[in-house]
There are 2 protein chains.
Amino acid sequence: MVRTSKGGRPTLEAVAARAGVSRATVSRVVNGGAGVRDEVRERVRRAVTDLGYVPNSAARSLVTRRTGAVAVVIAEPEARVFADPFFGRQLRGISRELSAADIQLLLLLQETRADCDRVGRYLAAGHADGVLMFSLHRDDPLPAMAEASGLPTVYGGRPGWADTGRGPRPLYVDTDNRDGARQAVRHLRERGRRRIAVITGPLDQTSAQDRLDGYRDALAPAAPDPRLIADGGFTAQGGERAMAGLLAAAPDLDGVFVCSDLMASGALRTLRAHGRRVPQDVGVVGYDDLDPAAWTDPPLTTVRQDVEEMGRLMARLLLRRLRADAEAPGDELSSVVTAARLVVRESG
Amino acid sequence: MVRTSKGGRPTLEAVAARAGVSRATVSRVVNGGAGVRDEVRERVRRAVTDLGYVPNSAARSLVTRRTGAVAVVIAEPEARVFADPFFGRQLRGISRELSAADIQLLLLLQETRADCDRVGRYLAAGHADGVLMFSLHRDDPLPAMAEASGLPTVYGGRPGWADTGRGPRPLYVDTDNRDGARQAVRHLRERGRRRIAVITGPLDQTSAQDRLDGYRDALAPAAPDPRLIADGGFTAQGGERAMAGLLAAAPDLDGVFVCSDLMASGALRTLRAHGRRVPQDVGVVGYDDLDPAAWTDPPLTTVRQDVEEMGRLMARLLLRRLRADAEAPGDELSSVVTAARLVVRESG
DNA sequence: ACACGGCATGAGAGCGCTCTCAGATCTTCT
DNA sequence: AGAAGATCTGAGAGCGCTCTCATGCCGTGT
């Protein structure tokens, strides 16, 4: 690769000199090449490859005010982010969609409160054109920071304030958690289960709350026995513990709806350790239908949500929003809620 | 938040005007504040907070030639990246170390060949100050691109050309895969296993090759029976299939060393499906000791490598390298190889 | 009193790019 | 042939920041 005499990377100027044209013309060629004579364009293209020219992104975004990157903010204080395949799948969907649009993915992990400031500063500094934000808990300060930074934002999972009327109306992608939960619990009932427990996620997340509401719906009009409700915190260990608690509080239970596959894997272990056979003694239904669900013993009946697709939808929504801001500011976009579907295997 | 009259974010100029000083002074305060009188510094600080000023990163890195970000490139064409907790853990280590240094993490996923160009362009465009690169396969074009971009690079796992003398001497962090494999296989032998098979990863990765070499070491001086070697591609499904193949080719096997926990989970399923009891009939040892290893039935004996720590080490090495380039260019850094340790559970 | 060194501050030049606008060139039509 | 229009190209002004260098100010030593 040929460099400029100054030893750094070649600049537009260098390419222009080599091609015998002005900077402006090179710029035009590099950015699409419209309105440049074929012969000149070819000359410039050759100069570009000869010199190994790559536009300097800082200089470009300084003037265009766009960075060609989107920040993905994951706010999980716990080790959960990487233990749960959920995030991975979603990231994958996002990554696919963004690379198709030649947009870069910036991953910002926020674990501590201090990280939160850092993330806020980062967003405000204009490193990204938009934000995808995940797995918010109630009272999370991040949405406010995103709002303050003025960046278009799409949420993964309905934010808590979405329907309260307070705050701006957020753009989000979610699955119909409540309906999925209803399907799961109805399925257990149809199989003859009478004492159906639930292991929930942290209830300050809407997805966890919605699934619990779905559980209630399916039992209505009867009110659920509070001894049949335990919080598993969306982790495998939490699932183990919650299951143990349930067995102690309600030894006669014959079904469990576990609000994530990861927790369900823990619950299955506890059941096995207590000598309960699945599905003969206790029916178990999970939620997510991530790969490991099919690998448990017995294979897990669960509620499928296409997580990768949700990631893709989030990215797509944000990209549309970015384009809309540039071209048709009035355009109203709306949130997406995808359907959930029961997948029956052997656990319940 | 107060904005400038032009509607955009406030600039240095605006802060300077409000504080009644020059741009240069504001810049000094923002970047540490050395050599500015206390009283002036306070005035500037107040102006900064009043206006909600945040430095524009593009402008800054245009002149400093640094971005305050490090790119993490994961080159996995398969769905493996997110199915295997391995990457997640490593990312987590990296993320921790980088945020402590207030450096941003840019995640670049490369799945297709086209992505490779995109990643190369991205790096060359100067979006990052350095690169962390993972899970390379032989003949991967990425290292060459990283090299060409002139960015300091640290590899996760010893790159294939590290000891060949060809190419530049790479900086990497790895575990002692060969020794870990030796420990695993020796353990199986000590437990009386005589026909020990191996399920390898893709052999164009050094980690997979090293583990296979360790397997050979432990059987030496006897040469391994080729019917006892199968490639599981580092995926759970691959592990299932490889195990089935081994059982068909060598029904008398009584031990398996599986080169990743994820593959081992697959192998256990296949063994169960074939009615082989673990560990009574067949002893199984995995590799990685990621969370799910303890959850299999029976819990997996495996080789522990502290993946998160490896991530941290990678980040630390890169950061040192970046500082070295800035301050003491002659400074020689060296790669790190961490120890592996057998963790005995119940599977073998 | 003056010269001198040290410190705090400001003026101004650029970093590499995009984009507007005006000028140059080439068509095409009357 | 000349003018109107369309097409192509270049000059130049910034984008927001950092950093060098010159300048002004102070205290100290002679």
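Just so it is clear, the model here is predicted, and its values are computed rather than measured.
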For the pair made of [atom1] in [X] and [atom2] in [N], what is the distance, rounded to whole Å?
{"X": "B/R23", "N": "C/dA11", "atom1": "CZ", "atom2": "C1'", "result": "9 Å"}
{"X": "B/Y53", "N": "D/dG16", "atom1": "OH", "atom2": "C1'", "result": "7 Å"}
{"X": "A/R66", "N": "D/dC15", "atom1": "CZ", "atom2": "C1'", "result": "14 Å"}
{"X": "B/R37", "N": "C/dC7", "atom1": "CZ", "atom2": "C1'", "result": "11 Å"}
{"X": "A/R43", "N": "D/dC8", "atom1": "CZ", "atom2": "P", "result": "14 Å"}
{"X": "A/L62", "N": "C/dG14", "atom1": "CG", "atom2": "P", "result": "17 Å"}
{"X": "A/L12", "N": "C/dC19", "atom1": "CG", "atom2": "P", "result": "12 Å"}
{"X": "B/R9", "N": "D/dG16", "atom1": "CZ", "atom2": "C1'", "result": "13 Å"}

Show your reasoning for whether side-chain contact (heavy atoms from CB on, under 4.5 Å) applies to A/V44 and A/Y53.
CA-CA 11 Å; A/V44 172; A/Y53 169 76; over 6 Å; no
Could you walk me through whether B/R121 and A/D102 pass the salt bridge (charged side-chain N to carboxylate O under 4.0 Å, His left out) check?
CA-CA 11 Å; B/R121 272 205 315 279; A/D102 214 17; 3.6 Å; yes
Sorted by position of nearest nucleotide on DNA chain C, 5' first, the leading residue of A/T64 and B/A34 is B/A34
Show, in sequence, the C-alpha distance, side-chain angles and deciding distance for B/N31 and B/R60, and conclude whether the side chain to side chain donor-acceptor pair (under 3.5 Å) test is met.
CA-CA 11 Å; B/N31 296 296; B/R60 176 178 279 174; 3.1 Å; yes
Has [X] got a side-chain N or O lying under 4.0 Å from the OP1 or OP2 atom of [N]?
{"X": "A/S27", "N": "C/dT18", "result": "yes"}
{"X": "A/N31", "N": "C/dT18", "result": "yes"}
{"X": "A/R60", "N": "C/dT18", "result": "yes"}
{"X": "B/S22", "N": "C/dG10", "result": "yes"}
{"X": "A/T25", "N": "D/dG10", "result": "yes"}
{"X": "B/R65", "N": "C/dG16", "result": "yes"}

For the side chain of [X], counting heavy atoms from C-beta on, which of [options] is nearest?
{"X": "B/V63", "options": "C/dA8, D/dC8, D/dT18", "value": "D/dT18"}
{"X": "B/A24", "options": "C/dT9, C/dA11, C/dT18", "value": "C/dA11"}
{"X": "A/V40", "options": "D/dG16, D/dT9, C/dG16", "value": "D/dT9"}

For the residue pair B/H127 and B/Y122, does the interplanar ring angle fall in the parallel (under 30°), tilted (30 to 60°) or perpendicular (over 60°) class?
parallel
Taking donor-acceptor contacts at under 3.5 Å, does the side chain of A/R28 reach the base of D/dG10?
yes
Short N-O contact, A/D38 and A/R43, less than 4.0 angstrom
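No.
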